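So that we are looking at the same thing, I have put the structure below in structure tokens.
Just so it is clear, the structure is predicted and the values come from calculations on it, not from any experiment. One-based numbering, in listed order, for ligands and for the atoms of each. Position 1 is the first residue of the sequence; numbering continues from there. The figures here come from the full heavy-atom set of this structure, side chains too, leaving out hydrogens, waters and symmetry mates.
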Amino acid sequence: MSELEDKNTLADKSYSADSIQVLEGLEAVRKRPAMYIGDINERGLHHLVYEVIDNSIDETLAGFCDHIEVIIQEDNSITVKDNGRGIPTAYHSKEKKSALEVVMTVLHAGGKFDKNSYKVSGGLHGVGVSCVNALSIHLKATIYRDGKIWEQDYSIGKALEPVKVIGETTKTGTVISFKPDDSIFKVTEYKYDILSSHLRELAFLNKGVRISITDMRQKDNEGNPKTDHFYSEKGLKEFVEYLDANRESIISEPIHINVTDGEVPVEIAILYNTSFTENLHSYVNNINTIEGGTHLTGFRRGLTRTLKNYAESSGMLSKLKFDINGDDFREGMTAVISVKVSEPQFEGQTKTKLGNSEVSLPVDQAVSKMLTNFMEENPKDARIIVNKVIIAAQARHAARKAREMVLRKSAMTGGGLPGKLADCSDKDPAKCEIFLVEGDSAGGTAKQGRDRRFQAILPLRGKILNVEKAMSHRVFENQEIRNIYTALGVTIGTEEDSKATNLSKLRYHKIIMMTDADVDGSHIDTLIMTFFFRYMPDLIKEGYLYIATPPLYLLKKGKKQQYAWSDNERLSILKEWGADNVHVQRYKGLGEMNAEELDKTTMTPEGRTLRQVTIENAVEVDRVFSMLMGDDVPPRRKFIEENAQHANIDA
Ligand code: 0RA
């Protein structure tokens with residue numbers, strides 16, 4: 001209650017009932033931040049920035065803003081500037097305070113003033129800038145509007161003083177600077193790469209807006225901060241080219257359509273490449289709909305029907321002895337779909353699946369129109385695509401035979417689980433874990449060290465197949481990959497949508513990659529992750545995939561001993577102990593630990609640190625995998641050079 005007496009700006013105290021509500025509203029955000037911004041880790045921290053930018057993007061969509069600047073300040077506070085209309089500052093008679101203060105301090109107040117405007121952008125949770133305010137130890141809003149510069153400061157969601165005029169201006173726009181509250185967030189350091197890839201995506205999705213990012217923490221020799229500028233003139237057309245930069249295109253240029261006059265604005269771009277994977281990214285109101293939904297259903301349906309009609313009438317299918325299915329039309333396809341929906345319903349585990357049934361038909365019609373036009377105008381490319389589809393169908397046919405063979409063979413040898421698997425005794429998947437271990441020898445140690453009740457071990461021999469370069473029947477036939485999916489109890493590539501896996505049959509809810517902490521080990525991790533990403537993405541989205549982290553050093557001094565997981569940790573132990581007479585052992589591989597050590601440091605839930613594999617940014621994950629695993633050497637070398645300091649390079 002004491003806050004109420006404070007500085008709630010206006011002279012009249014009779015509005016205190018409203019103020020209590022205001023305070024309670026934002027108190028709720030501070031009490032349960034995860035409910036509003038997802039979590040209080042890295043993701044939630046970055047989400048604050050997206051929330052502010054989304055408001056600027058709304059101004060762009062409304063036609064009033066073409067420049068957005070994001071600055072990471074030296075103290076890890078964030079500044080977002082835009083040249084939109086500026087947040088209204090007039091007195092708001094119902095709330096009895098400046099509209100600016102209402103926007104900043106009332107939960108969900110963001111769009112209250114302009115119900116009729118076309119406001120479609122919005123973060124995953126769409127909670128508005130007041131949540132950012134509630135979770136910031138300090139926030140300053142500076143508004144350029146109506147010839148004046150207005151300003152108000154806040155702390156943990158409360159205005160510190162009335163809105164004041166600090167000068168005159170001819171410009172319009174909004175500047176919001178905030179510092180996340182470190183008593184709420186577990187991490188407070190912003191990552192340039194996370195923010196910049198999100199901004200790049202936004203620039204592709206909203207052509208014509210200039211978006212820049214500047215990092216005041218990272219300066220070059222001349223004192224210039226690190227900066228990037230994103231701008232897309234052609235929108236999704238350039239987005240698919242960016243996605244496929246490391247793949248070889250088989251058509252001359254992207255197929256592109258932008259329907260802006262219908263009920264549901266739809267933009268789509270497609271490229272076909274020489275790879276064997278489908279690479280589809282979909283957005284609703286700039287939100288990446290990882291779980292798909294009605295827009296995707298419409299896209300698939302329209303694509304399949306239109307290409308099939310074309311292929312049939314062209315006579316190219318006459319020699320084919322089996323059916324073509326939907327998957328065949330999407331093999332080697334990279335596509336981005338972006339729709340704008342005024343009242344989106346989001347469903348699913350992570351609320352990233354579009355539920356609005358009215359969206360499916362307009363998307364279907366847009367794809368159909370776009371492909372029909374393209375095929376008519378580009379008969380050469382059209383034949384190339386249909387040929388690719390035929391090859392995909394043949395490969396799928398071969399894959400089914402291969403899978404049947406595999407199943408028959410394993411049925412003959414007693415069926416079920418691979419011989420190399422040391423299974424656990426518990427059968428409840430929620431309690432069970434499987435370690436995928438690099439090499440038979442480390443596998444042996446892990447078998448001795450594990451808790452056999454709930455921990456299973458599957459040793460992997462050498463490097464598993466690079467699925468990025470292999471057709472799917474090769475993937476099914478590959479011994480190591482077969483061992484993995486049969487041990488897990490699932491099948492892959494059996495349903496209409498080859499990526500749908502039957503997770504209900506999954507025998508373990510923790511799948512833990514355990515490899516050496518060296519270049520080979522991280523390469524194996526990447527190969528395994530690529531396999532799961534391409535063939536069982538749902539398993540990653542459910543949060544079932546993990547990486548074990550073995551220690552890098554064992555330090556001993558007299559009777560004392562301590563493990564270190566990083567060079568920093570090793571140095572700080574040395575500092576604490578004094579460097580004399582300390583014996584430092586560097587672990588080059590899992591094999592150098594005995595069973596007890598491996599268990600204690602890396603396997604037992606009491607001692608280990610697991611890193612969960614997540615798909616934070618599907619666009620970046622896809623690009624990195626296509627680059628690390630593809631044929632094209634130069635970009636891979638560049639990536640490795642640029643990221644060398646982060647990699648585990650064995651000294
Ligand atoms: C409420 C109403 C209007 C604009 C905004 C808020 C707004 C919010 C933010 C946050 C960052 N930048 C922003 N720019 C605008 C509509 C204003 C009007 O009708 O003039």
### Task
Let me know which of D244, N279, N246 forms a side-chain hydrogen bond (donor to acceptor under 3.5 Å, both in side chains) with N273.
D244

### Task
Identify, with sequence neighbours excluded, every residue that meets side chain to side chain contact (heavy atoms under 4.5 Å, CB included) alongside A335.
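A335 satisfies side chain to side chain contact (heavy atoms under 4.5 Å, CB included) with I270, L280, F299, M333 only.
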
### Task
Find all atoms of ligand 1 within a distance of less than 4.0 Å from any non-hydrogen atom belonging to R85, and give their numbers and elements.
16 (C), 17 (C), 18 (C), 19 (O), 20 (O)

### Exam field: side chain N133 to backbone V129, donor-acceptor pair closer than 3.5 Å
no

### Task
Kindly compute the distance separating NZ (K219) from NZ (K226), expressed to the nearest 0.5 Å.
14.5 Å

#### Entry: Heavy atom of G84, distance to ligand 1 below 4.0 Å
no

### Query
Would you say D82 has any N or O atom under 3.5 Å from an N or O of ligand 1, going by distance alone?
yes

### Message
Show, in sequence, the C-alpha distance, side-chain angles and deciding distance for K207 and E238, and conclude whether the salt bridge (charged side-chain N to carboxylate O under 4.0 Å, His left out) test is met.
### Response
CA-CA 10 Å; K207 60 181 145 228; E238 287 167 337; over 6 Å; no

### Task
Mark up the atoms of ligand 1 that fall under 4.0 Å of a heavy atom belonging to N55, in ascending order.
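Counting from 1, the qualifying ligand atoms are 9 (C), 10 (C), 11 (C).
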
### Message
Once side chain to side chain donor-acceptor pair (under 3.5 Å) is applied, do any residues pair with E241, and if so which ones, sequence neighbours excluded?
### Response
none

### Query
Under 3.5 Å, N or O to N or O, is R145 touching ligand 1 that way?
yes

### Task
With heavy atoms only and a cut-off of under 4.0 Å, state how A99 meets ligand 1: side chain, backbone, both or neither.
neither

### Query
For ligand 1, which atoms have a heavy atom of E59 less than 4.0 angstrom away?
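This gives 4 (C), 14 (N), 15 (C) as the contact atoms.
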
